[in-house]
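Working notes for the structure below.
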Amino acid sequence: MPTNRLLVKEQIATYTQLIFEAANNDGGAEGVLEVCGNAKQMVKAVRGNADLDGALKDPGYSAEQKAQIVRGVFADAPEALVNAVAVMAERGETDLLPRVAEQLEERMASELNLVVVDVETAVELDDNLRDQIKKKAETELGKNVVLREHVDKSIIGGIIMSTKDERIDASLLTRVERTREALKQ
């Protein structure tokens, strides 16, 4: 992988542009949103699986074999994303994937005025609460918001909301922990 920072930035920008434009042409904002979500999942999959990460970096595998690994593991992801990541694998550039995923979300926010807000709750949201959270987030962020919901029973109650740049933790678990720490002092 090149070490020249400007060259690396250009490569990231090129991959981002190719993926973004293909997703936007294929499915508009919905397509871009799907690709962004899948890119984040790919990053987690590669980082979270030492065998997969190792195979993509293993010089014993040919470029074609690395591309085939990507196409096999991520067969259900959008084609434009899989193709770009397969090229990254062939070139030994899968380390760029996290930065490409970040730039995809940044570009989605700037060009489509759309931001994804991750929402964690102890129980599933009902439609009324979902609408309230979405409206509040849109007002605060000044952008159209798509909620990506996660249920995590360990937070006991409350809500945790996060975007790329911000995190608001109003979970009951965090409040209990803060109270515990305050009582220790």
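Values below: all heavy atoms of this structure, side chains included; hydrogens, waters and symmetry mates excluded.
- Side-chain atoms of P98 and R47, non-hydrogen and from C-beta on, do get closer than 4.5 Å to each other.
- For E124, the side chain to side chain contact (heavy atoms under 4.5 Å, CB included) partners are V151, not counting sequence neighbours.
- Residues V43 and A101 approach most closely at CG2-CB, 4.1 Å, considering heavy atoms.
- Proximity of L112 to F20: side-chain heavy atoms (C-beta onward) are separated by under 4.5 Å at one or more points.
- Counting Ile, Leu, Val, Met, Phe, Trp and Tyr side chains that sit under 4.5 Å apart, directly or through other members, M161 shares a hydrophobic cluster with V115, V117, V119, L125, L129, I133, L141, V145, L147, I159.
- The hydrophobic cluster around V123 extends to none of the other residues, as no ILVMFWY side-chain heavy atom falls under 4.5 Å of it.
- Among pairs with a residue in residues 127-144, those fulfilling side chain to side chain donor-acceptor pair (under 3.5 Å) read D127-R130, R130-E149, K136-E140, at least two apart in sequence or across chains.
- The heavy-atom pair separating L56 from A89 by the smallest distance is CD2-CB, 4.1 Å.
- With sequence neighbours excluded, the residues forming a side-chain hydrogen bond (donor to acceptor under 3.5 Å, both in side chains) with E106 are K164, listed by chain and number.
- The main-chain N or O of V100 is never found under 3.5 Å from a side-chain atom of Q103 such that the two would form a donor-acceptor pair.
- Partners of E90 under the side-chain hydrogen bond (donor to acceptor under 3.5 Å, both in side chains) rule, at least two apart in sequence or in another chain, do not exist in this structure.
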Side-chain donor-acceptor contacts of residues 66-88 below 3.5 Å, not counting sequence neighbours, with atom names and distances?
residue, atom, partner, partner atom, Å
K66, NZ, D58, O, 3.2
R71, NH1, N83, OD1, 2.7
N83, ND2, E79, O, 3.3

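- Among residue pairs with one or both ends in residues 174-185, those qualifying as side chain to side chain donor-acceptor pair (under 3.5 Å) are D169-T174, S171-T174; sequence neighbours excluded.
- I168 shares a hydrophobic cluster with no other residue; no ILVMFWY side chain has heavy atoms under 4.5 Å from its own.
- To the nearest 0.5 Å, atom CG of residue D53 and atom OG1 of residue T94 are 6.5 Å apart.
- Note on residues 20-46: pairs passing salt bridge (Lys or Arg N to Asp or Glu O under 4.0 Å), not counting sequence neighbours, are E21-R107, K40-E105, K40-D118.
- Contact check for T163 versus V116: no side-chain heavy atoms found under the 4.5 Å cut-off.
- With sequence neighbours left out, the salt bridge (Lys or Arg N to Asp or Glu O under 4.0 Å) criterion links E64 to no other residue.
- In this structure, CG in L6 is found 11.5 Å from CD in Q11, a value given to the nearest 0.5 Å.
- When side chains are defined from C-beta on, I19 counts as touching V35, because their heavy atoms get closer than 4.5 Å.
- Under the side chain to side chain contact (heavy atoms under 4.5 Å, CB included) criterion, V146 pairs with L33, L114, sequence neighbours left out.
- If you chain together hydrophobic residues whose side chains sit under 4.5 Å apart, M42 and I12 fall into the same group.
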